[in-house]
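Comments concern the structure below.
Along the sequence shown, residues carry numbers from 1.
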Amino acid sequence: PGSSPDRFGRVTAAAVDGVRQRIALADAGLDRVAFVDLDRDPEGGLRLDPFMGRTAGTVSFDRIAAGVSALSGVEPSPLEPVDLAPVDLKWLDDGSLLLLDERLGRLVVATPPPATRPGHDPLPSEVVAVWGPRGSGGPDFEKPIALAVSPAGDAVAVLDAGPPGGPATIEVLSRDGLPRDSFELPPVLRSDDERPLVPGGLAWTEAGFAITDRLADRLLLLDERGVLRHETGTTGTADGELWSPRGLAVREDGTVIVVDTGNH
């Protein structure tokens with residue numbers, strides 16, 4: 001904890017760029033996105049090394065908000081606080097960063113400026129697009145909570161929890177922010193009571209979408225048309241059991257990693 005560039009306030013999202021060996025962290029406590037570069041062998045597998053990370057810099061929410069305002073043609077007010085609530089981050093293959101803002105239901109795209117010297121890898125700090133309400137395109141998100149990029153890198157999916165008691169949806173956008181597909185998620189079935197699932201995380205695999213359901217403590221696998229193909233998981237603390245699962249990631253071999261918050 002702390003306010004220096006290598007300390008954090010309240011981290012709400014993180015994304016790893018395995019090619020550039022860089023981590024982005026949304027720090028809602030200090031109103032900034034922090035970047036950490038890694039000094040490690042990408043082919044070396046998992047290992048504990050407390051010295052592999054080094055601070056690459058930060059980009060303030062103020063700067064991101066100013067970029068959003070410039071695109072919308074509205075001057076930012078010095079009397080109003082920065083109104084960003086990032087819940088997810090994702091890297092694109094060109095080094096751009098996607099920031100999902102839950103509060104206003106929008107997706108912000110930031111790209112790095114041109115490098116000023118050889119070997120210099122600038123931070124993604126220039127806002128070039130805003131998708132969603134008050135943006136330049138995209139659907140009107142109700143309550144976006146998670147992001148995923150297609151395996152081919154040509155599309156982005158947003159998991160929208162929807163209104164209270166309503167169905168959750170997945171909204172698929174092109175790399176230009178244009179709506180490409182949209183479908184509702186299947187309901188959870190508990191004895192004689194049917195209610196919408198409580199989604200937590202989203203990943204895009206070669207076979208389709210993986211979604212965590214925090215209500216039924218399960219993992220859903222859907223094809224790219226939104227059809228449920230498989231589900232797994234039961235409530236519990238043993239290996240293979242889940243308790244309020246949330247975030248998801250997919251390794252290159254197709255393995256799906258689940259962040260199981262209830263079981264720490």
*Yes or no on side chain to side chain contact (heavy atoms under 4.5 Å, CB included) for Val256 and Thr205, after CA distance, side-chain angles and deciding distance?*
CA-CA 8 Å; Val256 177; Thr205 74; 4.3 Å; yes

_Side chains of Leu92 and Leu98 in contact at under 4.5 Å (non-hydrogen atoms)_ = yes

_Run the side-chain hydrogen bond (donor to acceptor under 3.5 Å, both in side chains) test on Arg218 and Thr232 for me, step by step, so that the C-alpha distance in whole Å, both residues' side-chain angles and the decisive distance to 0.1 Å come before the verdict._
CA-CA 6 Å; Arg218 63 178 181 168; Thr232 184; over 6 Å; no

*Is a side-chain donor-acceptor pair under 3.5 Å present for Asp176 with Ser174?*
no

*Looking at side-chain heavy atoms only, is the closest gap between Pro112 and Ser125 below 4.5 Å?*
no

*Could you give the distance from NZ (Lys90) to CG (Leu107), rounded to the nearest 0.5 Å?*
11.0 Å

*For the pair Asp37 (side chain) and Ala56 (backbone), establish whether a donor and an acceptor sit closer than 3.5 Å, ignoring hydrogens and angles.*
no

*Can you tell me how far CD1 of Ile170 sits from CG of Asp181, rounded to the nearest 0.5 angstrom?*
9.5 Å

*Run the side chain to side chain contact (heavy atoms under 4.5 Å, CB included) check on Val11 and Leu25 step by step: do they pass?*
CA-CA 6 Å; Val11 175; Leu25 302 110; 4.0 Å; yes

*Short question: side chain of Trp204, backbone of Ala157 - any donor-acceptor pair under 3.5 Å?*
no

*Short side-chain donor-acceptor distance under 3.5 Å, Asp217 and Thr235*: yes

_Exam field: side chain Thr255 to backbone Arg251, donor-acceptor pair closer than 3.5 Å_ = no

*Heavy-atom neighbours of Asp239 CG exceed 12 at 6.0 Å*: no

*Examine distances only and state if a side-chain atom of Asp88 and a backbone atom of Leu100 form a donor-acceptor pair shorter than 3.5 Å.*
no

_What's the separation between atom CZ in Arg106 and atom CD in Glu102, rounded to the nearest 0.5 Å?_
12.5 Å

*Could you give me the CA-CA distance, side-chain angles and deciding distance for Glu126 and Arg63, then say whether salt bridge (Lys or Arg N to Asp or Glu O under 4.0 Å) is met?*
CA-CA 8 Å; Glu126 306 298 328; Arg63 179 167 182 173; 2.6 Å; yes

*Would you sort out whether Leu84 and Ile64 count as a side chain to side chain contact (heavy atoms under 4.5 Å, CB included), showing the intermediate values?*
CA-CA 9 Å; Leu84 290 175; Ile64 297 173; 4.0 Å; yes

*asked:* Could you measure the distance from the OG atom of Ser182 to the CG atom of Leu173? Nearest 0.5 Å is fine.
replied: 9.5 Å

*Would you check if Leu147 and Leu89 make a side-chain contact, meaning some heavy-atom pair closer than 4.5 Å?*
no

*Can you check whether Pro5's main-chain N or O pairs, donor with acceptor, with Thr58's side chain at less than 3.5 Å?*
no

*Is Val198 reachable from Leu248 through a run of I, L, V, M, F, W or Y residues, each pair having side-chain heavy atoms under 4.5 Å apart?*
no

*Could you tell me whether a side-chain N or O of Asp101 sits under 3.5 Å from a main-chain N or O of Ala85, the two making a donor and an acceptor?*
yes

*Identify whether the distance between the nearest side-chain nitrogen and carboxylate oxygen of Arg22 and Asp17 falls below 4.0 Å.*
no

*asked:* I'd like to know if the side chain of Asp160 reaches the main chain of Lys143, judged simply by a donor and an acceptor atom lying under 3.5 Å from each other, with no hydrogens or angles considered.
replied: yes

*So Glu184 and Thr169, side-chain hydrogen bond (donor to acceptor under 3.5 Å, both in side chains) or not? Walk me through it.*
CA-CA 4 Å; Glu184 294 183 0; Thr169 62; over 6 Å; no

*Can you check side chain to side chain contact (heavy atoms under 4.5 Å, CB included) on Val33 and Phe61, steps first, answer last?*
CA-CA 7 Å; Val33 180; Phe61 285 0; 3.9 Å; yes

*Mind checking whether Thr212 and Val258 have side chains closer than 4.5 Å, heavy atoms only?*
yes

*Without swapping roles, check the side chain of Ser150 against the backbone of Asp154 for a donor-acceptor pair under 3.5 Å.*
yes

*Side chain of Asp223, backbone of Val227: donor and acceptor closer than 3.5 Å?*
yes

*Measuring from Leu99:CG to Leu97:CG, what's the distance to the nearest 0.5 Å?*
6.5 Å

*Return the set of residues passing side chain to side chain donor-acceptor pair (under 3.5 Å) with Asp121 (not counting sequence neighbours), or none when no residue passes.*
none

*Any residue meeting side chain to side chain donor-acceptor pair (under 3.5 Å) with Asp39, in chain and number order, not counting sequence neighbours*: none

*Less than 4.5 Å apart, any side-chain heavy atom of Pro124 and any of Thr111?*
no

_Carboxylate-amine/guanidinium contact Asp93 Arg175, below 4.0 Å_ = yes

_Using 0.5 Å steps for rounding, measure from the OG1 atom of Thr261 to the CH2 atom of Trp243._
9.0 Å

*Crowded around Arg54 CZ? As in, over 12 foreign heavy atoms under 6.0 Å?*
yes

*Do Val127 and Val108 come close enough that some side-chain heavy atom pair is under 4.5 Å?*
yes

_Contact between Ser244 and Arg246 at the side-chain level, heavy atoms closer than 4.5 Å - yes or no?_
yes

